[in-house]
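Below is one structure, written out as structure tokens, with a few remarks after it.
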Number of protein chains: 4
Amino acid sequence: MEQIQLNLPLRGIIVPMITPLLDRDTLDSDGLGRLIEHILAGGVDGLFILGTTGEAPSLSYRLRDELIEHTCRKVAARVPVLVGITDTAFVESVRIANKAKDAGARAVVLAPPYYFPAGQPELVEYLRHLVPELPLPLFLYNMPSHTKLVFEPDTVRAAMDIPGIVGLKDSSGKMAYFHLLQTLLKDRPDFTLLVGPEELLSETVLLGGHGGVNGGANLWPQLYVDLYNAARAKNLPVVSSLHEKVMEISSTIYSVGRHQSSYLKGLKCALSCLDICSDFMAEPFHCFRAKERRRIQHHLKTLGLPSYKPGKYEKPNH
Amino acid sequence: MEQIQLNLPLRGIIVPMITPLLDRDTLDSDGLGRLIEHILAGGVDGLFILGTTGEAPSLSYRLRDELIEHTCRKVAARVPVLVGITDTAFVESVRIANKAKDAGARAVVLAPPYYFPAGQPELVEYLRHLVPELPLPLFLYNMPSHTKLVFEPDTVRAAMDIPGIVGLKDSSGKMAYFHLLQTLLKDRPDFTLLVGPEELLSETVLLGGHGGVNGGANLWPQLYVDLYNAARAKNLPVVSSLHEKVMEISSTIYSVGRHQSSYLKGLKCALSCLDICSDFMAEPFHCFRAKERRRIQHHLKTLGLPSYKPGKYEKPNH
Amino acid sequence: MEQIQLNLPLRGIIVPMITPLLDRDTLDSDGLGRLIEHILAGGVDGLFILGTTGEAPSLSYRLRDELIEHTCRKVAARVPVLVGITDTAFVESVRIANKAKDAGARAVVLAPPYYFPAGQPELVEYLRHLVPELPLPLFLYNMPSHTKLVFEPDTVRAAMDIPGIVGLKDSSGKMAYFHLLQTLLKDRPDFTLLVGPEELLSETVLLGGHGGVNGGANLWPQLYVDLYNAARAKNLPVVSSLHEKVMEISSTIYSVGRHQSSYLKGLKCALSCLDICSDFMAEPFHCFRAKERRRIQHHLKTLGLPSYKPGKYEKPNH
Amino acid sequence: MEQIQLNLPLRGIIVPMITPLLDRDTLDSDGLGRLIEHILAGGVDGLFILGTTGEAPSLSYRLRDELIEHTCRKVAARVPVLVGITDTAFVESVRIANKAKDAGARAVVLAPPYYFPAGQPELVEYLRHLVPELPLPLFLYNMPSHTKLVFEPDTVRAAMDIPGIVGLKDSSGKMAYFHLLQTLLKDRPDFTLLVGPEELLSETVLLGGHGGVNGGANLWPQLYVDLYNAARAKNLPVVSSLHEKVMEISSTIYSVGRHQSSYLKGLKCALSCLDICSDFMAEPFHCFRAKERRRIQHHLKTLGLPSYKPGKYEKPNH
């Protein structure tokens with residue numbers, strides 16, 4: 001199997017890939033191929049599958065395995081593939097990690113187990129038990145809105161003494177936390193710090209963070225790559241202009257629905273409007289209906305998305 | 001396969017069974033046998049496996065299947081077995097439900113999918129899709145502290161029009177919610193309403209609720225059965241006296257640790273002190289160490305638990 | 001000044017009186033008189049002014065003083081008057097307490113200061129400093145939904161060693177907390193434990209609590225007094241029937257609006273429909289408009305409220 | 001009375017001044033004078049009194065009035081003074097605003113009323129009633145951790161149509177919210193957007209925000225002014241270096257205690273170590289004891305605070 005090096009710290013735009021589905025247990029395999037090519041054409045630095053944006057917890061294990069295999073094969077080592085192994089069951093996390101390793105992924109990503117509210121010492125002990133069993137380097141994934149549990153700064157410090165943990169992706173949306181981690185980790189320049197919400201990509205990179213794991217890069221990879229490069233180069237006028245574009249996506253495409261799922265529904269709907277893949281969503285969500293879809297199409301047009309052309313995945317009003 | 005009728009509404013004490021483990025993926029099969037006999041000897045009305053007290057989300061699917069089979073076989077239709085099918089993945093919930101049906105269980109129990117924060121209309125739609133695929137009657141399980149999501153009263157009303165939903169277990173701890181459901185469901189006397197926290201069993205039954213799904217009944221089944229019977233018979237002096245005993249368990253056995261896991265750790269530790277089964281806990285938790293164990297032993301003695309005798313599962317100080 | 005004894009523990013129905021207003025800084029003095037007579041005619045055991053139901057934090061200090069004076073004068077020692085002194089400023093709490101003492105009130109009621117999120121040790125120290133400065137016995141008021149802060153059981157234990165604290169009103173809605181306090185305070189039979197939400201009055205009294213501080217007793221004092229007496233007498237059939245009536249009020253009168261303010265708006269609107277007092281509400285709330293008012297009138301009719309007759313406080317559709 | 005113009009948008013560093021106290025109801029008047037000179041010497045653009053950092057809700061109204069007068073007199077129009085009028089009582093907010101106007105303040109600052117959890121439409125209506133009664137321009141203050149209530153973006157849009165609202169200070173710590181407001185307000189370049197947490201000052205200004213209301217500027221005003229200027233000038237190397245210093249303060253001075261009050265206690269303690277003013281804190285807080293004070297002194301030394309010299313406000317171990 002060909003391999004691509006995982007350079008640490010991992011820098012740039014890592015795309016938290018959506019999972020194209022035909023129905024709740026069937027991969028949209030063609031869509032997946034188109035999506036991967038669409039994303040890689042943007043010059044991104046990595047692909048992260050089975051995260052929140054990938055609806056991982058909503059997918060059957062069978063489908064998760066299938067997605068790992070297909071993705072790794074189609075990516076063919078052009079960029080590193082990272083695989084989410086977050087699970088409430090220790091044994092299943094290890095199993096998926098092994099699957100990822102076998103398929104050629106380069107790292108795994110783990111949020112805290114998300115059913116039982118654990119204490120921080122319990123979380124540290126969990127990591128001490130789990131990480132030695134993983135066959136790939138691990139990124140922690142801070143996602144308190146979904147897991148109810150924060151990787152507190154002291155826990156991150158303790159985690160750093162566990163060999164195998166190489167970075168952290170923060171989706172808390174709290175930059176004071178992110179900057180505090182940067183301060184605490186000053187002596188560990190190889191430890192990767194990535195930010196989740198794309199609205200925070202500019203400042204993350206301007207102030208020394210390593211990059212972003214931004215959902216919008218499914219839709220418009222080049223935009224996020226350009227923004228990352230401009231921020232890395234400290235080219236503030238370009239950063240400001242591209243940051244505005246990112247905010248425009250956020251305040252339009254992600255703001256159509258009523259529920260917290262609007263981000264995910266909007267993103268999948270937009271990709272379907274662009275004929276890249278199906279917008280089917282795993283339960284407990286469902287794709288946007290015709291009315292919301294028209295609003296997404298309108299927003300895409302206004303955004304002037306390069307390749308915008310509605311088509312094949314178009315649906316009748318249902 | 002022998003069968004036992006599931007009479008609706010389901011009344012009495014349904015025990016949310018802990019899962020005896022030898023290590024994180026090995027069932028304590030002997031302990032399971034002793035535990036089941038211990039529980040059934042108390043005269044309980046049902047067994048609920050793979051709930052929160054059963055640590056279901058922390059167990060591998062393989063182990064969950066094994067537990068379903070062993071339990072149903074050992075119970076041998078003496079009481080109805082209910083099986084938790086709560087899962088973030090729709091497909092896995094259906095799979096476990098089928099497994100439960102095949103093994104002889106009589107009903108399944110479902111909390112909302114607990115990773116993505118869904119809106120109430122999304123939750124209703126989820127139920128409309130899921131319930132028709134289930135081969136057994138379904139009890140809803142309201143558990144917002146762990147799932148982040150409440151079955152709002154309007155959602156419960158909507159759910160009642162879905163054939164197959166036969167009751168609800170409320171573990172919110174909010175009796176105003178419980179009483180509101182009783183009011184809304186006045187015209188559906190067959191719809192079962194059970195309460196989770198045992199501290200609320202007395203009032204639930206005194207005020208017309210059908211019973212409790214109380215963890216302490218793993219430890220001392222007779223106590224909860226007696227309390228249920230006294231409350232059903234409106235014998236208030238006995239209710240008061242047994243309620244005090246239940247509160248004594250709650251304020252001692254469940255209050256030894258620092259974290260939210262104290263309830264579960266205390267319960268498993270106590271069962272191990274009584275030589276019923278191992279106190280191994282699935283990640284992200286671990287059993288009490290020697291110091292906490294001594295406090296549990298002390299509390300058991302003070303409680304005068306009928307069969308108290310520390311022994312085989314005793315551990316060296318580690 | 002005539003006095004009425006404050007017998008401890010304080011038992012029965014203490015009415016958390018709404019504050020009748022003509023506009024945001026003008027007392028509806030006539031309405032206040034009618035309301036007090038309406039409430040006292042129901043046989044209640046005490047009046048609690050300047051609580052949450054009394055909109056205390058929304059009133060100017062001048063108006064709070066005026067309300068204390070008017071109420072104490074009009075009540076004329078027929079029942080004990082309790083006065084809320086909850087405030088973010090220590091000095092203002094003491095000042096109101098002195099005002100209450102001078103006017104003839106018999107006790108004061110205190111929730112934690114509610115702007116800064118304090119730790120439990122900070123809360124204990126605050127009580128140790130405050131209570132010695134108060135001229136009247138103090139009831140603690142647990143109201144986490146509004147104050148963000150719980151009186152944790154250990155804090156209540158510590159508070160009991162401070163002379164002057166004579167009881168606690170729990171509006172958390174969590175009966176497991178209430179029962180835990182009952183267990184912890186077994187050795188202090190004089191320490192009063194009252195429940196806030198009227199939906200929980202039945203079980204509170206059936207299981208040994210001393211009574212309720214229930215908003216609905218503004219509207220229908222006799223109902224709550226009868227329920228208290230039935231529960232105290234352990235007359236379960238009557239308890240069940242009156243509890244159902246209480247739940248009917250809760251699920252109709254308090255459930256008309258969209259926001260958390262529905263309870264308060266519904267209660268004031270109902271009192272205005274019954275011609276008892278104005279339904280003006282202090283900012284940030286406003287009274288129900290015509291549409292909601294019609295629904296309240298409909299609910300009152302269905303409830304068959306004894307003295308129901310819409311009239312003087314009727315408003316044109318605005 | 002001399003006046004200083006309030007230029008809009010208001011740019012730069014506005015210092016949320018701590019309130020120097022000798023005891024819970026006595027202003028440290030000498031300390032206040034020294035503090036004001038210390039702050040103004042740093043070249044700041046405004047002073048904001050009676051905010052969260054100023055412990056406003058914990059102060060008696062008498063003391064708040066005194067502070068307004070003393071501060072305005074001592075500042076003597078060298079910078080604009082902004083006065084917090086946040087209150088649960090509408091009438092008191094208006095009263096303080098008038099007091100502020102009379103004393104020569106240039107603007108007022110308002111967080112939502114913080115006892116009752118209001119809905120967004122209720123909040124908009126509250127603003128529509130309140131703002132016309134205010135004699136000074138108003139800045140909204142988003143502070144959900146203390147008020148439980150967010151100014152949702154739609155509410156901010158609605159508020160902008162109310163004449164008199166000129167800006168917003170965001171202390172939510174959520175930069176995605178801040179950036180979203182920037183996007184929504186693109187057509188209103190005069191509407192001021194300031195950030196509260198100093199950890200977020202760099203990115204705020206780099207990405208077009210108008211400045212910060214940062215507590216640390218009480219301690220080291222020059223640092224924050226320099227950082228603001230560097231960010232405004234898009235001088236990224238200087239921004240990075242000063243941002244690191246700000247983070248060092250945050251991770252040391254503000255992180256000594258156990259509770260959420262650590263920020264405030266650390267800040268006041270540090271000012272007392274520098275002999276600027278007393279560190280007495282209003283209830284429910286208290287100043288750091290000797291042990292924590294020694295840690296603050298150590299941190300100050302490590303930070304190399306320009307004027308560091310412990311002295312007069314030094315205390316014996318108590």
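Reminder, nothing fancy here: chain letters follow the sequence lines and each chain counts from 1. Quick caveat: nothing in here was measured; it's all calculated off a predicted structure.
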Item to check | Verdict with reasoning, A/Thr52 to A/Tyr141, per side chain to side chain donor-acceptor pair (under 3.5 Å) | outcome: CA-CA 10 Å; A/Thr52 303; A/Tyr141 178 10; 2.7 Å; yes
Checklist entry - Quick one: what part of A/Ser145 sits under 4.5 Å from any heavy atom of chain B, side chain, backbone, both or neither? => result backbone
Item to check | A/Ile85 side chain near A/Leu134 side chain, heavy-atom distance below 4.5 Å | outcome: yes
Checklist entry - Do you know which of A/Glu55, A/Gln260, A/Arg62, A/His129 has the most heavy-atom pairs under 4.5 Å to chain B? => result A/His129
Item to check | Portion of A/Glu122 that has a non-hydrogen atom of chain B nearer than 4.5 angstrom | outcome: both
Checklist entry - Given the options A/His286, A/His146, A/Arg258, which has more heavy-atom pairs under 4.5 Å with chain B than any of the others? => result A/His146
Item to check | Toward chain A, the part of B/Arg95 with a non-hydrogen atom under 4.5 Å | outcome: neither
Checklist entry - Under 3.5 Å, is there a donor-acceptor pair linking the side chains of B/Tyr254 and B/Glu198? => result yes
Next on the checklist: Please classify the contact between B/Glu283 and chain A as side chain, backbone, both or neither, with a heavy-atom cut-off of under 4.5 Å.
Outcome noted: both
Item to check | Interface moiety of B/Ala118 toward chain A, non-hydrogen atoms closer than 4.5 Å | outcome: both
Checklist entry - Where on A/Pro113 is there a heavy atom nearer than 4.5 Å to chain B: the side chain, the backbone, both, or neither? => result side chain
Checklist entry - Near B/Lys169 NZ, under 6.0 Å, is it more than 12 heavy atoms from other residues, nucleotides or ligands? => result yes
Checklist entry - Within the distance-only criterion (no hydrogens, no angle test), does the side chain of A/Asn214 pair as donor or acceptor with the backbone N or O of A/Ala217 below 3.5 angstrom? => result no
Next on the checklist: With chain B as the partner, which of A/Pro112, A/Ala111, A/Pro121 has the greatest number of non-hydrogen pairs under 4.5 Å?
Outcome noted: A/Pro121
Checklist entry - With only heavy atoms counted, which part of A/Leu63 is less than 4.5 Å from chain B, the side chain, the backbone, both or neither? => result neither
Item to check | Pick from B/Tyr115, B/Phe90, B/Tyr61, B/Tyr114 with the largest number of heavy-atom pairs that fall under 4.5 Å of chain A | outcome: B/Tyr115
Checklist outcome for this item: Assert top hit (heavy-atom pairs under 4.5 Å, partner chain B, pool A/Ala56, A/Ser60, A/Gly257) equals A/Ser60
Checklist entry - If you measure only the distance, is there a donor-acceptor pair under 3.5 Å linking the side chains of A/Gln120 and A/Thr155? => result yes
Checklist entry - Within the side chain of B/Lys268, is there an N or O that forms a donor-acceptor pair under 3.5 Å with the backbone of B/Thr19? => result yes
Item to check | B/Arg293 and B/Asp279 ion-paired at < 4.0 Å | outcome: yes
Checklist entry - So which of B/Pro57, B/Ala89, B/Ser261 has the largest heavy-atom pair count under 4.5 angstrom toward chain A? => result B/Pro57
Next on the checklist: Between the side chains of B/Glu92 and B/Arg64, is the shortest nitrogen-to-carboxylate-oxygen separation below 4.0 Å, so that they form an ion pair?
Outcome noted: no
